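A short worksheet on the structure shown next.
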2 protein chains.
Amino acid sequence: MSLKYAVLAALLEGEASGYELSKVFDVSLANFWPATPQQLYRELERLAGDGLIEARTVPQERRPTKRLFSLTEAGREQLRAFAAEPTRRPTAIRDEFLIKMQAMDGVDPDRVRELVEERRSWALGKLARYERVRERLLDGRGEEEHLRDSGRVGPYLTLLAGITFERENARWCERVLTVLRERRAPAGPAGQPLG
Amino acid sequence: MSLKYAVLAALLEGEASGYELSKVFDVSLANFWPATPQQLYRELERLAGDGLIEARTVPQERRPTKRLFSLTEAGREQLRAFAAEPTRRPTAIRDEFLIKMQAMDGVDPDRVRELVEERRSWALGKLARYERVRERLLDGRGEEEHLRDSGRVGPYLTLLAGITFERENARWCERVLTVLRERRAPAGPAGQPLG
DNA sequence: GAGAAGTACTGAACTATTTGAATAGGTGCG
DNA sequence: CGCACCTATTCAAATAGTTCAGTACTTCTC
């Protein structure tokens, strides 16, 4: 249901092919509505059928021909109407890793540490990518300046949300690693670690 | 795929009926794997068929008979194995509200403010509920003490993740509200607001 | 010059998730 | 008394999302 509007919102950045969108939905941006390429191609077909986007075929020299989609006025209008409606469904987080953490007390602490460290470096990697997108959006200006004067602030603000999410994710991992250490070697008065 | 382990992990807290689980999955706990009652009943059926949980029928005085499910040794073992495996799929966030925010620049700022304020109070409400669960888990002890000495820390740590998430959510909303104010009345040297 | 990986897309089958309703007695409110 | 909501579960149907594979040509690397 919302994939429709996620695609329309993505096309606010300008025309894009299904392939290009699948990159955006996969890696870049604070991705708050994941979608596989197959989903996107299907949705683009539907939206074009409903006249909310229009396709333009672009033959290329050394690559397969691509179809670039852009918003029609009708699409823009529907997106605007959607964005002004009250939010129906609450945020849904699906996180396999947190299920593992919920059950971590039955697992070898060394193994848990490994999993948490993996998660941490993954979060830091994503954070670094977000920061690069941020630099590009700010384009040399300061944040306050940009937020006061720029034409569009939506993309920057959602990016900030993604940045905060991954930063706190990494911090949480560090907290867990500390807890694991403390539980392994409880601090005695002399602070002597046990074998 | 992961719903299976989410259910097994929930049953680590003790036996529960489908109805009780649907409450837990819906409101309480840092909910990182949402599921509807229908999904849960089906999954419980499947897990019982596979011998990972076992059912016990409990007739009640003034309520319908319920079936309480609890982990079998096989279920506990599979959960343990799952929790030690590397995480396959990354965190997926589905957030209709952030799609609206991405497209907010085409919408009346007063309407956007309303939506953000609604989101903020929703986040604060959830935060308050999490804090109550936290008090119950800590049971009078300090956090450090609990994390060092308690038998199980998984549930507390995932709860902390949920608390951080909602706290940062509320903070993000406040940031956005400030930005909206600044854009409406840009601060001049005399700081005089415009009509 | 072979193999891997990237661009760009399509198709079919499958699994997961959501929605709506039905059953059936109990409790609380005015 | 009647209405709405709570406990407890089940069934059926619709929608959404995932997985696997395949086409076809290009560029990069060993």
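Everything quoted here is computed from the prediction, not taken from an experiment. Proteins get letters first, then strands, A, B, ... in listed order; numbering begins at 1 in each.
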Exercise. Would you please say whether a donor-acceptor pair under 3.5 Å links the side chains of B/Glu143 and B/Tyr156?
Key: yes
Self-check item: Whole angstrom value for the distance that separates C1' of D/dT10 from CD of B/Glu43
Solution: 16 Å
Self-check item: Atom-to-atom span, NZ of B/Lys23 to C1' of D/dC6 - whole angstrom
Solution: 8 Å
Quiz item: Side chain of B/Leu3: nearest nucleotide among C/dA8, C/dT17, C/dA16?
Solution: C/dT17
Exercise. Just compare D/dA8, C/dT18, C/dT17 and give me whichever is closest to any side-chain atom of B/Trp33.
Key: C/dT17
Quiz item: At how many degrees, to 10°, do the end axes of the helix from C/dG1-D/dC30 to C/dG30-D/dC1 meet when each uses five pairs?
Solution: 40°
Quiz item: So what does B/Arg42 hit on the nucleic acid, given a heavy-atom distance under 4.0 Å: a base, only sugar-phosphate, or nothing?
Solution: base
Quiz item: Do any side-chain nitrogens or oxygens of A/Tyr41 fall under 4.0 Å of OP1 or OP2 in C/dC9?
Solution: yes
Quiz item: Charged N to carboxylate O under 4.0 angstrom, B/Glu114 versus B/Arg111?
Solution: yes
Self-check item: Ionic contact status for A/Glu77 with A/Arg80, cut-off 4.0 Å
Solution: yes
Please tabulate the protein-to-nucleotide N/O contacts below 3.5 Å involving nucleotides 21-24 of chain C, giving atom names and distances.
unit_1 : atom_1 : unit_2  : atom_2 : d
C/dA21 : N6     : B/Gln38 : NE2    : 3.3

Quiz item: Pick the nucleotide of DNA chain D nearest each of A/Arg63 and A/Met1; which residue has the one closer to the 5' end?
Solution: A/Met1
